[in-house]
Amino acid sequence: DAVRQHLDASLPPPVVSPDRAAIIRVIAAHHGALLSARHSARQGDIFSARVADRFRDWIRASLHGLPPSVFLATITEPDGPPIARPLVNGSYPPGAALTTMPPELLQLFPSLPAHLEYRFIDRDLILWDSHANLIIDVIPDALGPSGQS
């Protein structure tokens with residue numbers, strides 16, 4: 001968070017504007033600066049194996065026996081295109097639906113600074129910096145492997 005605060009001080013603030021290009025320029029500036037500052041980031045830097053297991057336990061408990069495929073259908077726009085697996089330091093995949101996070105999970109998960117969000121991309125849980133459109137970390141198969149319902 002200290003890295004982010006330092007970068008934010010030197011970058012243009014997020015804007016609300018009818019000018020799409022202006023918004024994209026600000027996001028791109030934040031993305032590039034954060035990516036440069038995190039150039040050596042790797043999966044597991046935030047979600048260590050132990051932490052990822054804890055998140056998986058919370059997710060599994062919150063499903064109350066509901067199959068992951070049914071859970072995903074309730075939080076994701078239907079009929080989206082197939083999406084590549086999310087990568088640390090990657091952007092939110094173009095065309096991927098923005099999932100909604102169930103309040104029950106948000107109550108279990110640690111709270112985040114305003115610019116960070118938890119999101120599911122298919123069965124993977126990501127930590128996403130929405131201001132910079134940058135994936136900070138990933139828990140692969142947070143909902144279980146794709147062979148499971």
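What you are looking at is a predicted structure, and each value in this text was computed from that prediction instead of being measured.
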How long is the straight-line distance from [atom2] of [Y] back to [atom1] of [X], given to the nearest 0.5 Å?
{"X": "Asp19", "Y": "Ile24", "atom1": "CG", "atom2": "CD1", "value": "9.0 Å"}
{"X": "Leu112", "Y": "Glu117", "atom1": "CG", "atom2": "CD", "value": "9.0 Å"}
{"X": "Ile75", "Y": "Thr99", "atom1": "CD1", "atom2": "OG1", "value": "4.5 Å"}
{"X": "Ile135", "Y": "Ile126", "atom1": "CD1", "atom2": "CD1", "value": "4.5 Å"}

Which pair of heavy atoms, one from [X] and one from [Y], lies closest together, and at what distance?
{"X": "Pro93", "Y": "Ile121", "answer": "CD-CD1, 3.4 Å"}
{"X": "Asp124", "Y": "Pro140", "answer": "OD1-CA, 3.3 Å"}
{"X": "Ser91", "Y": "His31", "answer": "OG-CE1, 3.2 Å"}
{"X": "Pro68", "Y": "Leu143", "answer": "CG-O, 3.3 Å"}
{"X": "Ser62", "Y": "Ile59", "answer": "OG-O, 2.8 Å"}

Between [X] and [Y], is there a donor-acceptor pair closer than 3.5 Å when you use the side chain of the first and the backbone of the second?
{"X": "His30", "Y": "Ile27", "answer": "no"}
{"X": "Asn89", "Y": "Arg38", "answer": "yes"}
{"X": "Asp129", "Y": "Leu134", "answer": "no"}

Flag side-chain contact, heavy atom, 4.5 Å: [X] against [Y]:
{"X": "Pro102", "Y": "Phe71", "answer": "yes"}
{"X": "Ile136", "Y": "Trp128", "answer": "no"}
{"X": "Leu106", "Y": "Tyr118", "answer": "yes"}
{"X": "Phe120", "Y": "Leu105", "answer": "yes"}
{"X": "Val51", "Y": "Ile139", "answer": "no"}
{"X": "Val138", "Y": "Phe47", "answer": "no"}
{"X": "Leu72", "Y": "Arg123", "answer": "yes"}
{"X": "Arg119", "Y": "Leu125", "answer": "no"}

Does the distance from a Lys or Arg side-chain N to an Asp or Glu carboxylate O, for Arg85 and Asp141, drop under 4.0 Å?
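Yes, Arg85 and Asp141 are salt-bridged.
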Between Gln43 and Asp137, is the side chain to side chain contact (heavy atoms under 4.5 Å, CB included) condition met? List the steps. CA-CA 6 Å; Gln43 182 181 323; Asp137 208 348; 3.8 Å; yes
Co-membership, hydrophobic cluster, residues Trp58 and Leu66, 4.5 Å side-chain
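Looking at the clustering, Leu66 is in the same group as Trp58.
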Exercise for review: State plainly whether one hydrophobic cluster holds both Leu87 and Ile46, where clusters connect Ile, Leu, Val, Met, Phe, Trp and Tyr through side-chain heavy atoms under 4.5 angstrom apart.
Suggested key: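 No, it is not one cluster - the side chains of Leu87 and Ile46 are not joined through contacts under 4.5 Å.
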Where at least one partner belongs to residues 56-65, residue pairs that pass salt bridge (charged side-chain N to carboxylate O under 4.0 Å, His left out), sequence neighbours excluded: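 Pairs touching residues 56-65 that pass the test: Asp53-Arg56, Asp57-Arg60.
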* State whether a side-chain donor-acceptor pair under 3.5 Å links His64 with Glu104. =>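 Note: His64 and Glu104 side chains meet the donor-acceptor criterion.
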